[in-house]
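Input: a single structure, listed below in structure tokens.
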Amino acid sequence: MERQYDIIIIGAGPAGMSASIYASRAGLKTAMLEMGAPGGKLIKTYEIANWPGIKETAGAQLASDMFEHATAFGSEYLYGNVVQIQDGTEYKKILCEDGTCYEARAVIVASGTKERMLQIPGEVENIGRGVSYCAVCDGAFFKGKDVVVIGGGNSALEEALYLSQFAGSVHIVIRRDVFRGDAIIQQRIKDNPKIHVIKKHIPVRILDDGMRVSGIVLAHSDTLEEMTLECMGIFPYIGQDPATSFLQGLDVLNAQGYLLVDENCETTCKGIYGAGDVIHKQLRQVVTATSDGAIAAQHAFHQLKGI
Ligand code: NAP
């Protein structure tokens, strides 16, 4: 009985923590179920500059403030790696990798996305030896060194700017001749003398000296002519994939694995909701994630109370 809740929220990023505030303030027995530290991508983001009311703040600070708020009304924080959700009658079962089973009358999936890998030779074996998917976590190890960032979206551009504080040089490699990231960040990239852009090149393989990364081989997108870039750090930021493998048994995902929800953030399985980056939508931002979390929790509250 101890493991029964009104609402279980899977994931404690901005969407999950916002849902936690709304559900627990409404008096529902609520828990967040998370496999890591609270904050989601916030804790891997150096600076947040589009959270209304605060012009600039560190991602880790905003995560910490949100967590304090998300647990202030009695919501519990549980550790667990969810492997399956079973859509029962009144209670849904949430099964974790360690065998623990939780039950909840409503489930809000706010599990976010995970970094896409390059899937080229030399990548996996050099993780932690120069290949990193988190500039905020590992950037300081590359003081004065040459590093390469792969990708031209907002994540790649923001993290390249962050890395330029430590690194000797930062090369950004994009496979087309245009960026995906916002114009304001593109301008900051252009203005930064430490950052150099290599257009129309794709990563082919990562080189190492037996101990750690020593360079990367790139091929021209059109001619396939190869060039080698010497570097000690490689930061791939080539997009995200939804963390939804535990939902495979339920018919709630689109072809890309994102969760399909209606205007109440509810899936076609009654009582199972989605919020934040994990759902199919256009704009993935902290502010839209928190909005989804609030909508899902409020609707779940109304359903559970029969309002
Ligand atoms: P993204 O916007 O999808 O950009 C991915 C980048 O990686 C693109 O430049 C893409 O190239 C490139 N790419 C993809 N696969 C590749 C491959 N195999 N080899 C080489 N390059 C590859 O991903 P993101 O930057 O992670 O952002 C995800 C979402 O979060 C976006 O909606 C973004 O706006 C949002 N976000 C917002 C902020 C902010 O507002 N401050 C910060 C971070 C993220 P192509 O362009 O050629 O496809």
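All values derive from a computational prediction rather than experimental measurement.
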Main-chain N/O of R212 paired to D208 side chain as donor or acceptor, under 3.5 Å: no
Check: T267 side chain, V252 main-chain N or O, donor-acceptor pair, under 3.5 Å: no
Quick one about D146 and S169 (side-chain donor to acceptor, distance below 3.5 Å, no hydrogens or angles considered), yes or no? yes
Answer yes or no: does atom CD of Q248 have more than 12 heavy-atom neighbours from other residues, nucleotides or ligands under 6.0 Å? yes
Can you sort out the partners of H69 under ring pair (Phe, Tyr, Trp, His ring centres under 6.0 Å), two or more places apart, ordered by chain and number? F73
So, taking the atom named CD in E103 and the one named CD1 in I8, what distance separates them when rounded to the nearest 0.5 Å? 9.0 Å
Do side-chain atoms of T45 reach the backbone of E47 as a donor and acceptor pair under 3.5 angstrom? no
With side-chain hydrogen bond (donor to acceptor under 3.5 Å, both in side chains) as the criterion, how do Y102 and Q4 come out once you've worked through the C-alpha distance, each side chain's angles and the decisive distance to 0.1 Å? CA-CA 6 Å; Y102 297 97; Q4 270 189 356; over 6 Å; no
Tell me whether I307 at atom CD1 has more than 12 heavy atoms from other residues, nucleotides or ligands lying less than 6.0 Å away. yes
Does a side chain donor of either S24 or K29 reach within less than 3.5 Å of an acceptor in the other side chain? no
So does A104 get a backbone contact from the side chain of K92, meaning a donor-acceptor N/O pair under 3.5 Å? no
Side-chain heavy-atom pair I172, Y237 within 4.5 angstrom cut-off: no
Got a second to check how far E123's CD is from I216's CD1, nearest 0.5 Å? 9.0 Å
Indicate yes or no: at least one non-hydrogen side-chain atom of V287 is less than 4.5 angstrom from one of P52. yes
Can you measure from CG (L62) to CD1 (I48) and round to the nearest 0.5 angstrom? 6.0 Å
Heavy atoms of other groups near E225 CD, more than 12 under 6.0 Å: no
Got a donor-acceptor contact below 3.5 angstrom from the T244 side chain to the G257 backbone? yes
Would V278 and R284 count as a side chain to side chain contact (heavy atoms under 4.5 Å, CB included) if you check the C-alpha gap in whole Å, the side-chain angles of each, and the deciding distance to 0.1 Å? CA-CA 9 Å; V278 75; R284 294 194 168 83; over 6 Å; no
Is it true that a side-chain atom of S291 and a backbone atom of A289 form a donor plus acceptor pair closer than 3.5 Å? no
With a 4.5 Å cut-off on side-chain heavy atoms, are C96 and L33 touching? yes
Tell me whether L95 is reachable from L253 by hopping between hydrophobic residues (I, L, V, M, F, W, Y) whose side-chain heavy atoms are closer than 4.5 Å. no
Quick one: do K199 and D177 satisfy salt bridge (charged side-chain N to carboxylate O under 4.0 Å, His left out)? Show the steps, please. CA-CA 5 Å; K199 295 180 177 173; D177 53 4; over 6 Å; no
Between Q186 and D182, does the side-chain hydrogen bond (donor to acceptor under 3.5 Å, both in side chains) criterion hold? Intermediate values first, please. CA-CA 6 Å; Q186 289 189 36; D182 297 341; over 6 Å; no
Stepwise salt bridge (charged side-chain N to carboxylate O under 4.0 Å, His left out) check, K281 with D292: CA-CA 11 Å; K281 64 175 177 177; D292 297 339; 2.7 Å; yes
Does the pair C265 and I295 meet the rule for a side chain to side chain contact (heavy atoms under 4.5 Å, CB included), with working shown? CA-CA 7 Å; C265 288; I295 291 167; 4.1 Å; yes
Give a yes or no on this: more than 12 heavy atoms of other residues, nucleotides or ligands lie within 6.0 Å of atom OH of Y22. no
Assess the residue pair V147 and M232 against the criterion (side chain to side chain contact (heavy atoms under 4.5 Å, CB included)); give the C-alpha distance rounded to whole Å, side-chain angles, the decisive distance to 0.1 Å, and a yes or no. CA-CA 6 Å; V147 301; M232 292 193 76; 5.9 Å; no
Non-hydrogen side-chain atoms of V107 and Y273 separated by less than 4.5 Å: no
What is the minimum heavy-atom distance between E34 and A12, and which atoms define it? OE1-N, 2.8 Å
Side-chain contact, heavy-atom cut-off 4.5 Å: V204 with I120? no
When you measure from the side chain of Q256 to the backbone of Y258, do you find a donor-acceptor pair of N or O atoms at a distance under 3.5 Å? no
Report yes if some heavy atom in the side chain of W51 is under 4.5 Å from a heavy atom in the side chain of T290; otherwise report no. yes
Take D241 and K114, measure what salt bridge (charged side-chain N to carboxylate O under 4.0 Å, His left out) needs, and give me the verdict at the end. CA-CA 5 Å; D241 288 314; K114 50 184 185 303; over 6 Å; no
Verdict with reasoning, L28 to F301, per side chain to side chain contact (heavy atoms under 4.5 Å, CB included): CA-CA 7 Å; L28 298 176; F301 169 72; 3.9 Å; yes
Tell me which pairs pass ring pair (Phe, Tyr, Trp, His ring centres under 6.0 Å) where either residue lies in residues 146-199, with sequence neighbours left out. Y46-Y162, Y162-F166, H171-H196
Please tell me if the side chains of L161 and I185 come closer than 4.5 Å, counting only heavy atoms from C-beta onward. yes
Polar side-chain atom of S18 near backbone of G293 as donor-acceptor pair, under 3.5 Å: no
Should the heavy atoms of other residues, nucleotides or ligands under 6.0 Å from NZ of K93 be counted, would the total exceed 12? no
Counting neighbours of CG on D191 that are heavy atoms of other residues, nucleotides or ligands and sit closer than 6.0 Å, is the number greater than 12? yes
Any chance you could measure L163, atom CG, to D138, atom CG, to the nearest 0.5 Å? 9.5 Å
Start with the C-alpha gap between E115 and K44, add the side-chain angles, then the distance that decides, and say whether salt bridge (charged side-chain N to carboxylate O under 4.0 Å, His left out) holds. CA-CA 11 Å; E115 294 81 12; K44 294 183 174 180; 3.0 Å; yes
In short, I43 meets A63 closest at the heavy-atom pair CG2-CB, 3.7 Å
Is there side-chain contact between L118 and I238, with at least one heavy-atom pair below 4.5 Å? yes
Joint cluster assignment, L259 & I108, ILVMFWY side-chain distance < 4.5 Å: no
Under 6.0 Å between ring centres, would you say that holds for F67 and Y77? yes
For the CZ atom on R25, are there more than 12 heavy atoms of other groups (residues, nucleotides or ligands in this structure) within a distance under 6.0 Å? no
Sidechain-backbone polar pair: D262 side chain, E266 backbone, donor-acceptor under 3.5 Å: yes
Mind checking the CZ-CD spacing from R188 to E158? Nearest 0.5 Å is all I need. 8.0 Å
Can you measure from NE2 (H201) to CG (L218) and round to the nearest 0.5 angstrom? 6.0 Å
Less than 3.5 Å apart, any donor N or O on the side chain of D277 or Q240 sitting next to an acceptor on the other? no
How about CD on Q86, more than 12 heavy atoms from neighbouring residues, nucleotides or ligands closer than 6.0 Å, or not? yes
Steps toward side-chain hydrogen bond (donor to acceptor under 3.5 Å, both in side chains) verdict (S155, K41): CA-CA 11 Å; S155 300; K41 280 192 188 51; over 6 Å; no
